[in-house]
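Structure, as structure tokens:
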Amino acid sequence: MVRATGRRTDRVVHGQESIRVALLIPTHALPPLSYVLPDRLSSGVRPGTVVVAPLSGRSRLGVVVGPDPQPGRAWEEISSVQNGLSVPPDLLEACLRISESYAVPLPTVLRATFPPGLDAGRFLVVRPDTDWSWEAGSVVSRAEIKRALGPDGLRAAEAGGQVSLSPAVPERKTVEWSVVRGGAEPDLGRAPRQREVLEALKDRGGALPSAALLSRTGAARSVLRELARRGAISLVRRPEPAPLFETSGGGEEEVEPFRRDAGRAVGRGGPFVWRLPTGEQPDAVAAVARAAVEEGEQALILAPEREAVDRLVRHLHRALPPGHTVAAYHGGLGRDRGAVHAAVRDGQVSVVVGTRAAALLPLARPGAFCVVDEPDGSHRAEAGYEGLPVHTRDVAFARGRAEGAAVVCLSPVPSLRLFAAGGRTRVGELPPRPPAEWPSVRIVDMRGSGSVLSSTLLDACRRIAAGGRRVGVIVDRLGYAAVVTCNRCGAVRRCPGCDAPLASHDGSRLLACSRCGLRESDEGRCAECGSDRLSPAGSAVERVREGLAEALGEPVGLITAGRRELDDASVVAGTARCVLREGWDAVVIPDVDSSLRASGLGATERSFRLIYRAAEVASDLLLVQTRAPGHHALLAAARGDYEALVASEVPLLRAAGYPPFAHLAVASLHGPEEKVLFAVESRLRPAVEAGVEVSDPVGVARAGRPPFWRVLIRARRPDPVARAAALVARIAAGTHGLRARVEVDPEEV
DNA sequence: AGCACGCCGACT
DNA sequence: GTCGGCGTGCTC
């Protein structure tokens, strides 16, 4: 079921011609360059082939992107072809598209398809000088050559072809393997233990790491030594095996209800969204994976975190029928990561589950991509940090299109941008599945109350704790800081300078701005309604925990990403991510307003999602305290009514010109003000296409750190936005002292 | 005049 | 990313 798309990449490049090569230097400043492809190297070179090419007299690794559209400029020759590393042409196609659409340098995107830890600083000695200490054929590091020959000597040796860049993946640790020897078998009639071990080894294909064989059979090492002495097996050192798991089956029945819809999506191909309860996601994933492997294809499952990846691997182990191979791929694998990469690329793995670092893993036979917990923020790296600032959902969409595979996004509350016709990608919807159960929901109106914890909340906690059951309390802010709100209208006291909410720390009478560090006293009136009844609200997790413990007269647990204390207490406070990972009898959100009053792109969605997910993990009761009891997102979420959210929010996205109806890019410029202003006003603004709006740079002050400037770029169509974003990045890359981070169609602003 | 430093653009 | 060219400005 391979549907080749091949826009410009399926032609074979051959003959003494020139080709375009994207050198793997992660910068916006360097476009693909033209090189001559000498005849002796031309066989097998196609788009996606990895080559070594010189730049300023230095060997660089690069990827062939296609034939040279304007031959004649190329002068330098490709110096070698690295066949083992090449990127599949369809995946290259997806990389080109991602680079263009999201203003990420092509080398950065291509790098993400490569095996981890690739060492591009090693040289093969081809023709050594008589006075060199290395023999022909040996591999030496750049540093060592530089030390012996000096920088000029290295360059001369490179230019003269005496050494050639020879990148390699890190060597695997070797371990002892037991391998069955062919030929006459010794008589093991009187050695049942040896016979048993030999049979077990033959069952597993005749080769197994000795440690695994021994633990599988429970035999002692002496048994292996004896078998080796008799010539039945040999003990050899081989690379450690990759952590691949054979499926066992046994849990396939639960997958059955999902198979028809998953099969339809995988059979048809293209992007899909599937709304189903969070708890049903693992079986839906299994159904998608199964549909792909039954076609003889591979599935790539993308989950937000390592733990979720490992859980899914364990689930698939049982949920898929026997005879398939599952593997995890994420940063926690260490040196095993390279081995999994190779196994996936060679097609030995049927289903690979990974974090966003796996989004561009090359697959031998791509069949389905599946994005688990699609709206989770961890699916996208922050701009400026490691990883692509592109949501894995969008990476998967680009791949699905280029590689002819289905993409299925799973969540009970998917990103709204998937539900709007006319976006970047037309997304099909699989029949949604309603929540399996829904708790009773209690909305406590906190208007007119200055307290943080209502008596209703405390009574509910007492009642549930008394029954030996558990309450999870969601407080999505660390530490003790609290904002100040008006008791009458609920407005938040904001910093006059930068509009960020002012926070009080440790109960002091002083308010501080977390952004610019401004301090002022907490006296005064509400800027909205003039009321003088202001009180701290939006308490952070430590304060709520203390308040609860005091009011309930018993210890309260704490779960955050960094800390875990008394987590078996009957009442446990924690951040949303931690509380939502577990199941509770009741879930309490004492300050849902801290989420509801947030503004900007994605804020309402996020609030809805928080409340909805809280209801999912609460088996009996969801209790929410608010000063906005009529808020439409709150009411819809309390009913579990996603359609209502779509109906109310999608028109707002359209009216506000937010994705997917229009497109925007956020550029953060770090550097002195005059350079920022010059770059934006004199270079960016005059150069953008018609229909592209560029905002004035807005300074963002940060306590203790130099400020930066933010520029919003918007337009109706996606491509001009991406081109303008790439332009700012290029301008900044070519301006000393100016650095830019750009993010196209961010999830939130 | 001679030299150090930092910015800018080229590199295919 | 990395290097060399060149302008600015300082010192002998």
Side-chain angles (χ1 to χ4, degrees), chain A residues 13 15-39 41-42 45 47 49-82 96 99 103-112 114 118-123 141-143 145-146 149-159 161 163-165 167 384-386 388 669-679 682-684 687 726-742:
Chain A
V13 182
Q16 180 86 29
E17 59 183 315
S18 69
I19 51 174
R20 300 281 282 173
V21 176
L23 298 176
L24 291 182
I25 300 168
T27 168
H28 273 107
L30 199 65
L33 302 178
S34 307
Y35 288 90
V36 170
L37 179 64
D39 280 335
L41 294 178
S42 70
V45 172
T49 302
V50 172
V51 296
V52 173
L55 180 69
S56 316
R58 198 152 153 348
S59 296
R60 302 293 197 150
L61 211 51
V63 176
V64 177
V65 296
D68 189 356
Q70 319 147 266
R73 187 123 67 106
W75 167 247
E76 294 283 359
E77 289 191 350
I78 293 298
S79 26
S80 72
V81 174
Q82 305 289 317
L96 288 165
S99 167
V104 183
L106 181 58
T108 307
V109 184
L110 290 169
R111 179 71 84 181
F114 272 46
L118 182 75
D119 181 2
R122 298 154 21 111
F123 284 82
S141 75
R142 177 191 300 280
I145 303 179
K146 227 177 186 167
L149 308 180
D152 294 338
L154 170 59
R155 188 161 319 154
E158 275 186 61
V163 296
S164 82
L165 189 68
Y385 293 88
E386 200 182 316
L388 306 182
L669 293 152
H670 299 250
E673 183 170 14
E674 65 280 4
K675 288 192 180 182
V676 171
L677 290 176
F678 181 79
S682 307
R683 299 196 54 196
L684 173 64
L727 180 59
V728 205
R730 226 174 304 122
I731 291 169
T735 309
H736 251 263
L738 195 61
R739 288 194 313 114
R741 290 169 179 171
V742 297

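Chain naming here is simple, since letters A, B, ... match the order of the sequence lines and numbering starts at 1 in each.
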* To do: May I ask you to check whether A:Ser34 and A:Arg20 show a side-chain donor-acceptor distance below 3.5 Å?
  => yes
Identify which nucleotide among [options] has an atom closest to any side-chain atom of [X], counting heavy atoms from C-beta outward.
| X | options | result |
| --- | --- | --- |
| A:Leu30 | C:dT2, B:dC11, B:dT12 | B:dC11 |
| A:Ile25 | C:dG1, B:dT12, B:dC8 | C:dG1 |
| A:Arg155 | C:dG1, B:dT12, C:dC3 | C:dC3 |

* Minimum heavy-atom distance A:Pro107-A:Leu23, with the two atoms named -> CG-O, 3.3 Å
* So which heavy atom on A:Ala103 is nearest to which on A:His28, and how close? -> O-NE2, 3.0 Å
Between [X] ([atom1]) and [N] ([atom2]), how many Å, whole number?
| X | N | atom1 | atom2 | value |
| --- | --- | --- | --- | --- |
| A:Leu23 | B:dT12 | CG | P | 10 Å |
| A:Arg730 | B:dC8 | CZ | C1' | 17 Å |
| A:Lys146 | C:dC3 | NZ | C1' | 12 Å |
| A:Arg111 | C:dG1 | CZ | P | 11 Å |
| A:Leu55 | C:dT2 | CG | P | 11 Å |
| A:Gln70 | B:dT12 | CD | P | 16 Å |
| A:Leu106 | C:dG1 | CG | P | 16 Å |
| A:His736 | C:dG7 | NE2 | C1' | 15 Å |

* Excluding sequence neighbours, so at least two apart, what forms side-chain contact (heavy atoms from CB on, under 4.5 Å) with A:Gln82? -> A:Val50, A:Val52, A:Leu61, A:Ser80, A:Leu85, A:Pro167
